[in-house]
Trainee: 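Take this structure, written in structure tokens, and hold onto it; I'll ask about it next.
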Amino acid sequence: MDQLNCKTVFEVPVLGGISESVVVTWIIMAVLVIASILLTRNLKVENPGKIQLLLESGISWTNDFFEGILGKSNRRYIPYLTTVLIYLGVSNTIGLFGFKPPTKDLNVTAALAIMSMCLIEFSGIYKNGVKHWMKHFAKPVAIVAPIMVLEIFIRPLSLCMRLFGNILAGFVVMELIKAFVPLIVPIPLSFYFDIFDGLIQAYVFVFLTALFMTEEME
Amino acid sequence: MLQFNLNFLYTIINLIVLVFLLKKFLIKPVTNVMEKRKEMIEDGFRKAKEAENDAMDLKKQYTDALSGAREESARIMAQAQKDARAEYDKVMQKASEDAGSLMESAKANIRMEQEQSMNALQSQIAGLAMSAAQKIVEEKSGQVKDNQKIYDEFLEEVGEDVHGSDTEK
């Protein structure tokens, strides 16, 4: 039970308690940025190295993936979605290194979901204007307007809870297995709960965000 | 486990910062390099296409020039043959004409010559007859001479005349 709680690591006088998940996020951020700087140190146009090829294929995969969903004219959202994908991928699998996944904390998934919500609505307003955005709630018939309005909050809520629930459940299951059978048995299960489930959830999160954005931009 | 607090806000700030950092350090450089490579490849393709088009143009020009030259040479050959034939015909015709006129003039000359010699002969014969008659008259008038001598003189005279007319000719 102790493992499930998000401990407050330290207190800052004005800002209040800084929780474990925020500290782990900092660590992830630092690692990601340092890795990026190291990996993109000498990129070559001709004769790229193996690391560069790997990086390029990864970036071009995400670019193509999001471009396929959002369309060519909405490329400006791709960096955010790519970043969230990388961050979620790393934080969901960071349990392998003995950290607690930040996505196990409701605050983190809620923050991600709220940002997705802002992005979804912003993209719709930016693309079609406020008027169209106001009107689209009453489509196809005016009576669905309350449900459509509710959808604004339901979407991020489902995103948030799906991620949180999956990661928390995986974490709990893994902790229980580790407590009961600490030898060998956790290995295959860890592959499923820490790696597969984590990456799938990261994929699903950004995929749904992009999908909702396209829906909103119609 | 389910507490909801200010860490929510910190995570949002963290995320925004992370988006900017990754954009600057990871996505931009890699995308730039990929775009540069794409540009380079497209440039290469474009250049190759241009070079190919140029080569095709040149080839077309050469073929045109070659076929033109071939036609020209054929034309020149035909013209030369025609000219040569015309020249040949002209020369042949002129030669035959010349030969004809030469023959004509030669014939005319010969005829004239013949006539002249006939005339000369006639006048000589007349002369001879005259001189023979004279001799006979002289003999008859008493200046007796040997018959043999008369013949000799006569023959001498005739021979001189014939000889003289020969050399004259």
Side-chain angles (χ1 to χ4, degrees), chain A residues 1 4-6 8 12 15-23 25-26 28-30 32-41 43-46 48 52 55-60 62-63 75 78-84 86-87 102-112 114-115 118 164 168, chain B residues 1-70:
Chain A
M1 207 56 212
L4 291 176
N5 283 324
C6 289
T8 301
V12 177
L15 300 173
I18 303 289
S19 77
E20 213 172 3
S21 55
V22 174
V23 176
T25 302
W26 287 344
I28 293 170
M29 281 166 68
L32 282 178
V33 170
I34 290 166
S36 307
I37 292 170
L38 286 178
L39 292 176
T40 59
R41 232 177 353 180
L43 294 176
K44 281 169 276 185
V45 177
E46 286 174 74
Q52 195 191 336
L55 264 180
E56 280 181 17
S57 59
I59 295 290
S60 66
T62 57
N63 276 354
R75 297 187 64 140
I78 291 177
Y80 171 77
L81 291 169
T82 308
T83 307
V84 171
I86 295 168
Y87 170 69
T103 36
K104 187 180 68 65
D105 185 353
L106 192 60
N107 289 311
V108 173
T109 58
L112 281 161
I114 293 293
M115 287 195 55
C118 293
F164 170 70
L168 183 73
Chain B
M1 186 168 90
L2 281 173
Q3 72 266 52
F4 201 71
N5 50 33
L6 267 177
N7 287 304
F8 164 77
L9 208 67
Y10 304 153
T11 306
I12 289 182
I13 295 165
N14 278 349
L15 265 176
I16 292 169
V17 170
L18 182 65
V19 167
F20 281 109
L21 286 176
L22 280 193
K23 209 168 156 183
K24 187 171 187 305
F25 289 115
L26 181 67
I27 296 167
K28 270 244 172 74
V30 176
T31 315
N32 277 350
V33 164
M34 285 195 297
E35 260 164 25
K36 260 185 210 155
R37 181 174 308 123
K38 205 171 142 195
E39 257 172 37
M40 202 179 74
I41 290 168
E42 272 169 8
D43 206 46
F45 270 121
R46 216 189 56 239
K47 273 185 184 151
K49 194 87 189 159
E50 272 173 13
E52 202 191 324
N53 283 344
D54 283 359
M56 289 304 279
D57 280 359
L58 274 176
K59 196 186 161 196
K60 197 167 172 293
Q61 275 178 17
Y62 287 145
T63 351
D64 283 359
L66 209 65
S67 69
R70 205 166 283 149

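So you know, we letter chains A, B, ... as the sequences are listed, proteins then strands, and number each from 1. Atoms considered below: every heavy atom in the structure, side chains included; atoms not considered: hydrogens, waters and symmetry mates.
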Trainee: Applying side-chain contact (heavy atoms from CB on, under 4.5 Å) to Thr25(A) and Tyr10(B), what does each step give before you reach the verdict?
Mentor: CA-CA 10 Å; Thr25(A) 302; Tyr10(B) 304 153; over 6 Å; no
Trainee: Quick one: CG on Asn14(B) to CE on Met29(A), what's the gap to the nearest 0.5 Å?
Mentor: 5.0 Å
Trainee: Which residues in residues 32-40 of chain B have any heavy atom closer than 4.5 Å to a heavy atom of chain A?
Mentor: Val33(B), Met34(B), Lys36(B), Arg37(B), Met40(B)
Trainee: Under the side chain to side chain contact (heavy atoms under 4.5 Å, CB included) rule, collect the residues that match up with Thr11(B), sequence neighbours excluded.
Mentor: Val22(A), Val108(A), Ala111(A)
Trainee: Show me the donor-acceptor pairs within less than 3.5 Å that the side chains of residues 16-31 of chain B make with the rest of the protein, sequence neighbours left out.
Mentor:
{"unit_1": "Thr31(B)", "atom_1": "OG1", "unit_2": "Ile27(B)", "atom_2": "O", "d": "2.4"}

Trainee: Examine distances only and state if a side-chain atom of Asn7(B) and a backbone atom of Ser19(A) form a donor-acceptor pair shorter than 3.5 Å.
Mentor: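 Yes; at least one donor-acceptor contact below 3.5 Å.
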Trainee: Given that the side chain runs from C-beta out, which part of Ile86(A) has a heavy atom under 4.5 Å from chain B: side chain, backbone, both or neither?
Mentor: side chain
Trainee: Can you tell which part of Thr62(A) gets under 4.5 Å to a heavy atom of chain B, answering side chain, backbone, both or neither?
Mentor: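 It is neither, since no heavy atom gets under 4.5 Å.
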Trainee: With chain B as the partner, which of Ile78(A), Ile59(A), Thr109(A) has the greatest number of non-hydrogen pairs under 4.5 Å?
Mentor: Ile59(A)
Trainee: Just to be sure I understand the criterion: a residue of residues 49-70 of chain B counts if one of its heavy atoms is under 4.5 Å from a heavy atom of chain A. Which ones qualify?
Mentor: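 If one takes a 4.5 Å heavy-atom cut-off, no residue of residues 49-70 of chain B lies near chain A.
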